[in-house]
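In this text, all values refer to a predicted model and were calculated from it rather than measured experimentally.
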Amino acid sequence: MGQSLLVQTELQRKWIDKFKAVEEQFKSYAENNDIESRFPYENVQWLIDEGYTLLTLPKAYGGEGGTIEDMVILQTHLARIDGATALSIGWHLSVVGQLYEQQLWEQDLLDEFAEEVKKGALVNRAVSEAETGSPTRGGRPATNAVKVDDGYVLNGVKTFTSMSKALTHFVVGAYVEELGQVGFFLVPRDFEGLEIADNWNMIGMRATESHDLVLNDVKIPEQYFVEHQRKPSLNGWILHIPSVYLGIAQAARDYAVDFAKTYSPNSIDGTIAEIPTVQQNLGKMESLLLSARHFLWSTAHGYQLYEKDTDIWNETSASKVLVLNQGLEVVDLAMRIVGAKSLEMERPLQRYYRDMRAGLHNPPMEDMAYTNIAKSITGLM
């Protein structure tokens, strides 16, 4: 597989070898998890037990110190095996990576939370709301935080909370009435008043169990108001998102290639891989995948080369859009190669298609990415 040529570090090799060892085990759960909209608990527990959740925690805090490039490459490999597992754990990896790289919290809390991560904690941001849509569009959240004597009281509902039932901690965005601005609060799962709505019923990424998070008078201690007046800045860790969809596209490609090499209807001699139209689709599919892979992985590598994050702003914005759109085309071509059989529920291609469609609604949104790139090149940023 072409992507193996870009594996450069012992850390990457270690985890790719580990993934290979459990590939069939992970895949064995995928169909039922999708049908039942059931979180891949077994897969994620294995990742915790093996220490994958420490990948992006810096070595100084007891983690593996993985880079953005390490995360992108490994997430691509993991998503080829199971997209829902990869997207779910990717949120945790990206939050941890950003927290410690950008030192978003006070040092004491970073130290405290690192110990939780080493014990198996899982974290994700809870920022989306039904009333505001994607938080990247800048809407004011309806979730509010009201100051009380020894902390804050949170009320509101957050949507698209991936891994909701498995998370131990939530980083919740809320409008702070006292300050007239948005802030972020660390909310441990066991706090009174926190509930999971159990209402995730989508056609794509069903196994992520991205239920609503409901906050009913949740009392938050003062020190858990973790991010005040955070300025928007480039976050390379968000590249975990296109990594997942690149991996799903790779899985679709692999399935179509294997099918073409082995399917031999009695109307032809040999297999369909020898038919010119099939070869055209295979060649186009592979070219799209090569392009997407090299663009994304080189963007991730760029974070270790540029002096300032802003030097790679446009590449970061474009990565998700390019990978997602080309990945959708790869899956479509794979389904054309396999034909009507691709729609059979017993085959994974229909799941790959539905999961890829879900990626259109992960940040950054396509129109926002193009607008920001345009402003960058015209000096309007």
- Task: Show your reasoning for whether side chain to side chain contact (heavy atoms under 4.5 Å, CB included) applies to K20 and I81.
- Result: CA-CA 9 Å; K20 287 178 181 177; I81 298 170; over 6 Å; no
- Item | W237-Q102 side chain donor-acceptor pair, cut-off 3.5 Å | no
- Task: Using a strict cut-off of less than 4.0 Å between a Lys/Arg side-chain nitrogen and an Asp/Glu carboxylate oxygen, indicate whether R347 and E31 qualify as a salt bridge.
- Result: no
- Mind listing the closest non-hydrogen atom pair of L239 and M71 along with its distance? C-CE, 4.3 Å
- Query: Does CD belonging to E106 count more than 12 external heavy atoms closer than 6.0 Å?
  - Reply: no
- Is Q223 atom CD crowded by more than 12 heavy atoms from other residues, nucleotides or ligands, each under 6.0 Å away? yes
- CA sep, side-chain torsions, deciding dist, call: T208, M202, side chain to side chain contact (heavy atoms under 4.5 Å, CB included): CA-CA 10 Å; T208 61; M202 300 289 190; over 6 Å; no
- Please confirm whether the backbone N or O of Q25 pairs with a side-chain atom of S28, one donor and one acceptor, at under 3.5 Å? yes
- Message: Would you compute the distance between atom CE of M335 and atom CD of Q350 and round it to the nearest 0.5 angstrom?
- Response: 7.5 Å
- Message: If you count heavy atoms of other groups shown closer than 6.0 angstrom to CZ of F160, is the number above 12?
- Response: no
- Please indicate whether D269 has more than 12 foreign heavy atoms, meaning atoms of other residues, nucleotides or ligands, lying under 6.0 Å from its CG. no
- Note on the structure: Closest heavy-atom pair, N33 versus F39, reported as atoms and distance to 0.1 Å, is OD1-O, 4.3 Å
- Query: Would a distance-only check, ignoring hydrogens and angles, find a side-chain to backbone donor-acceptor pair under 3.5 Å from S264 to G270?
  - Reply: yes
- Output for pair (D332 CG, E329 CD), nearest 0.5 Å, gives 7.0 Å
- Between S317 and N314: side-chain donor-acceptor atoms closer than 3.5 Å: no
- Query: Side chain of K219, backbone of V148: donor and acceptor closer than 3.5 Å?
  - Reply: no
- How about K27: does its NZ atom have over 12 heavy atoms from other parts shown lying under 6.0 Å from it? yes
- Measure from the side-chain N and O atoms of E315 to the backbone N and O of T299, and report whether any donor-acceptor pair falls under 3.5 Å. no
- With a 4.5 Å limit on heavy-atom distance, are the side chains of L74 and I16 in contact? yes
- Query: Checking Y352 side chain against A334 main chain: does a donor-acceptor pair fall under 3.5 Å?
  - Reply: no
- Message: I need the S88 OG to L93 CG distance, nearest 0.5 Å.
- Response: 11.0 Å
- Would you say the side-chain atoms of N155 pair up with the backbone N or O of D217, donor to acceptor, closer than 3.5 Å? yes
- Message: So F225 and I220, do their side chains get closer than 4.5 Å, heavy atoms only?
- Response: no
- Query: For atom NZ of K261, is the number of surrounding heavy atoms from other residues, nucleotides or ligands below 6.0 Å larger than 12?
  - Reply: no
- Task: I would like to know whether Q75 and I89 meet side chain to side chain contact (heavy atoms under 4.5 Å, CB included); could you show each step before the answer?
- Result: CA-CA 9 Å; Q75 283 293 101; I89 208 67; 3.7 Å; yes
- Hey, any chance V95 and F170 share a hydrophobic cluster, counting ILVMFWY side chains that come within less than 4.5 Å of each other, even indirectly? yes
- d(R125 CZ, T161 OG1) to nearest 0.5 Å is 13.0 Å
- Task: Please report the C-alpha distance between N362 and Y245 in whole Å, then the side-chain angles of each, then the deciding distance to 0.1 Å, and finally whether the side chain to side chain contact (heavy atoms under 4.5 Å, CB included) criterion is met.
- Result: CA-CA 11 Å; N362 288 143; Y245 296 104; 2.6 Å; yes
- Query: Do Q326 and L289 come within less than 4.5 Å of each other through their side chains, counting heavy atoms only?
  - Reply: no
- Look at the side-chain heavy atoms of Ile, Leu, Val, Met, Phe, Trp and Tyr, link any pair under 4.5 Å apart, and say whether V127 and L179 land in one connected group. yes
- Query: Side chains of Q250 and D254: donor-acceptor distance under 3.5 Å anywhere?
  - Reply: yes
- Message: Could you tell me if the side chain of W297 sits less than 4.5 Å from the side chain of V72, heavy atoms only?
- Response: yes
- Item | Any L328 side-chain heavy atom under 4.5 Å of L360 side chain | yes
- Got S94 and T56 here, is their nearest side-chain heavy-atom distance under 4.5 Å? no
- Message: Check whether E177 reaches the backbone of V146 with its side chain - one donor and one acceptor, N or O, closer than 3.5 Å.
- Response: no
- Query: Does a side chain donor of either Y303 or T316 reach within less than 3.5 Å of an acceptor in the other side chain?
  - Reply: yes
- Message: Has T168 got a side-chain atom pairing as donor or acceptor with L122's backbone, closer than 3.5 angstrom?
- Response: yes
- Message: Would you say that D111 contacts E115 through its side chain, given a criterion of any heavy-atom pair below 4.5 Å between the two side chains?
- Response: no
- Query: Is there a donor-acceptor pair under 3.5 Å between the side chain of W105 and the backbone N or O of E227?
  - Reply: no
- Compute whether any side-chain donor of one residue and acceptor of the other, for N325 and E366, lie under 3.5 angstrom apart. yes
- Task: Indicate whether any N or O donor in one side chain lies under 3.5 Å from an N or O acceptor in the other, for D82 and Y29.
- Result: no
- Any Lys/Arg nitrogen of E64 or K59 sitting under 4.0 Å from an Asp/Glu carboxylate oxygen of the other? no
- I268, V278: one ILVMFWY side-chain cluster at the under-4.5 Å cut-off? yes
- Query: For the side chain of S291 and the backbone of S287, is there at least one donor-acceptor N/O pair under 3.5 Å apart?
  - Reply: no
- Query: Do L47 and L78 have side chains that get closer than 4.5 Å, going by heavy atoms?
  - Reply: yes
- Message: Using ring centroids (six-membered ring only for Trp), state whether F113 and H169 fall under 6.0 Å.
- Response: yes
